[in-house]
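Following: one structure in structure tokens, then a few remarks.
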Amino acid sequence: MLDSGVSQAHISGKNFSMNNDMKQCIEKLLSGERLTREEFCLLIQERTKETASKIAEEARRRKQAVYGDSIFLRGIVEFSNVCKNDCYYCGIRKSNEHVRRYRLSKEEILQCCRAGYEIGMRTFVLQSGEDGAYTDSVLEEIIRGIKKEFPDCAVTLSLGERDKDSYQRLYDAGADRYLLRHETADPEHYRKLHPEYMSFEHRMHCLYELREIGYDVGAGMMVGSPYQTERELAEDLYFIQDFRPEMCGIGPFIPHRDTPFRDQPAGTLEMTLFLLSVIRLIEPEVLLPATTALGTIDPRGREKGVLAGANVIMPNLSPVRVRHQYELYDNKICMDDEAGQCGACIELRMRTVGSRIAVDRGDIRRDGFRSGILCRKKLE
């Protein structure tokens, strides 16, 4: 982490003015002190283009100090769009009768990984709806197949909520990481985004179970989701500060035409970039994606995300023939590009912002992280 005195010098120049409360919040953020919920809320409410620019500048410094100019690729394989849930924001929700459902076989998944490996990807993300057809036994076989063929690669799972025994079996089979966006850290807000049978408490419990088992855990939220205020975003930042995920995936909410939120406005580029920078300052070592959703709302959204502090890009390795059926939101980009095309495009894009693609698993760089964090939170 950079010296806090140097950091504070960047916010106190002649041409940079703000009220004292805001200045104190930023100084605490830059010096690595914990912020309260109220301070996070003030940071969001009182932000200006000038403060956002200064915070982004410092976020780039922190990222450079830990990871240099490296950008890590995570190749996503969207292997099933079948889902038992009916989340109000999601394009593959079970009530959407316009989606053609599909499932990929183990060999099809391995073929996707082969295509990614050839272009330098060393992490594969297996992502799906909550599809009961993929039992623990089926998933164990897939994970072991990937680890056998690509022993130098990490396997990340993004399969939603499962019980602890299931998480343990998949971890024992060789899975390294698990992504489970918390979506919102406010229980009341959660209830407005999900049907009654889904539980905020259970989702949070899953995150702590994953941490207890030993996974590198990814959390994250939607920016600008329906009914979200600065208070909910402040709660998200407070949770991230407390939980300290190894990866944090945030992206703008984008409505889907076949959901109850079809007419809701999308989240903004500006707020998403600001929060990326703040998260980088909260956790300088975090692996922070510039998401596909960010690239969907702005042609250079992913590049701007990198300039705001992101250091992960997640290209799609799924077969082109099924990509349009895994449309979580409208107008998702890169739906028709083969893996090679996508990889070359991303490499060129990253060069324009002074970054390079690393042929690397992209593990978190935090000595002693696991031993220091396990005792901070107890399962309730």
Side-chain angles (χ1 to χ4, degrees), residues 1-2 4 7 25-26 28-41 43-44 55 58-59 61-67 72 74 123 154 156-158 164 167 171 175-186 200-201 203-223 232-251 274-291 308-312 361-380:
M1 185 177 292
L2 298 186
S4 61
S7 300
C25 283
I26 295 178
K28 285 182 70 173
L29 183 69
L30 297 183
S31 64
E33 295 181 58
R34 287 176 58 85
L35 271 65
T36 66
R37 292 174 174 86
E38 292 72 22
E39 288 169 330
F40 278 127
C41 195
L43 196 66
I44 294 166
I55 287 173
E58 186 61 24
R61 285 193 180 92
R62 300 289 172 94
K63 178 183 66 173
Q64 184 75 22
V66 179
Y67 293 105
F72 304 112
R74 313 297 204 216
T123 290
T156 300
L157 304 179
S158 181
K164 188 177 182 181
Y167 288 146
Y171 182 78
D176 303 278
R177 307 169 184 151
Y178 203 103
L179 307 182
L180 183 66
R181 280 187 173 187
H182 65 277
E183 301 296 8
T184 173
D186 181 87
F200 169 82
E201 290 75 18
R203 195 166 192 88
M204 287 298 186
H205 196 73
C206 285
L207 283 168
Y208 287 108
E209 287 181 331
L210 289 162
R211 169 63 52 74
E212 188 176 67
I213 287 168
Y215 284 96
D216 283 355
V217 183
M221 70 282 194
M222 294 182 291
V223 179
E232 281 80 43
L233 286 173
E235 193 69 41
D236 287 319
L237 293 175
Y238 190 82
F239 168 71
I240 290 164
Q241 175 183 253
D242 192 46
F243 185 70
R244 299 182 71 205
E246 285 88 344
M247 183 172 176
C248 191
I250 76 167
F274 178 73
L275 294 175
L276 282 170
S277 297
V278 171
I279 292 168
R280 173 60 67 192
L281 296 183
I282 294 171
E283 280 297 307
E285 304 92 350
V286 73
L287 292 157
L288 194 59
T291 62
N311 67 330
V312 172
R361 282 171 43 120
D363 292 311
I364 191 166
R365 297 177 184 173
R366 182 186 287 147
D367 292 337
F369 171 78
R370 185 65 55 207
S371 60
I373 193 66
L374 280 178
C375 296
R376 292 186 54 195
K377 276 286 183 178
K378 300 293 184 182
L379 290 176
E380 297 179 355

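Small disclaimer: the values here were computed from a predicted structure and weren't measured.
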Kindly say whether [Y] contributes a backbone atom to a donor-acceptor pair with the side chain of [X] at under 3.5 angstrom?
X	Y	answer
Arg280	Gly309	yes
Glu285	Val66	no
Asp236	Ala185	yes
Arg203	Leu180	no

Please report the closest heavy-atom contact between [X] and [Y], naming both atoms and the distance.
X	Y	result
Tyr178	Thr156	N-CG2, 4.4 Å
Pro245	Val286	O-CG2, 3.4 Å
Ala310	Ala290	CB-N, 3.7 Å
Ala234	Cys41	CB-N, 3.5 Å

Check whether any side-chain heavy atom of [X] lies under 4.5 Å from a side-chain heavy atom of [Y], and answer yes or no.
X	Y	answer
Asp176	Arg361	yes
Arg61	Glu58	yes
Ile44	Leu237	yes
Glu209	His205	yes
Phe239	Met221	no
Leu29	Ile282	yes
Thr291	Ile250	no
Leu233	Phe274	no

Is the closest basic N to carboxylate O distance between Lys28 and Glu39 below 4.0 Å?
->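 Here Lys28 pairs with Glu39 in a salt bridge, since their nearest N and O are under 4.0 Å apart.
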
Is it true that Glu246 and Arg211 make a salt bridge, defined as a side-chain N closer than 4.0 Å to a carboxylate O?
-> yes

Walk me through it: do Phe243 and Val217 pass the test side chain to side chain contact (heavy atoms under 4.5 Å, CB included)?
-> CA-CA 10 Å; Phe243 185 70; Val217 183; 3.9 Å; yes

Lys/Arg cation over aromatic Tyr67: Arg365, 6.0 Å, 45° cone |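 Judged by the rule, Arg365 and Tyr67 form no cation-pi pair.
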
Given Arg34, Arg244, Arg62, the one that forms salt bridge (Lys or Arg N to Asp or Glu O under 4.0 Å) with Glu283 | Arg244

Listed partners of Arg181 passing side chain to side chain donor-acceptor pair (under 3.5 Å), at least two apart =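 Once residues adjacent in sequence are excluded, Arg181 has no partner under the side chain to side chain donor-acceptor pair (under 3.5 Å) criterion.
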
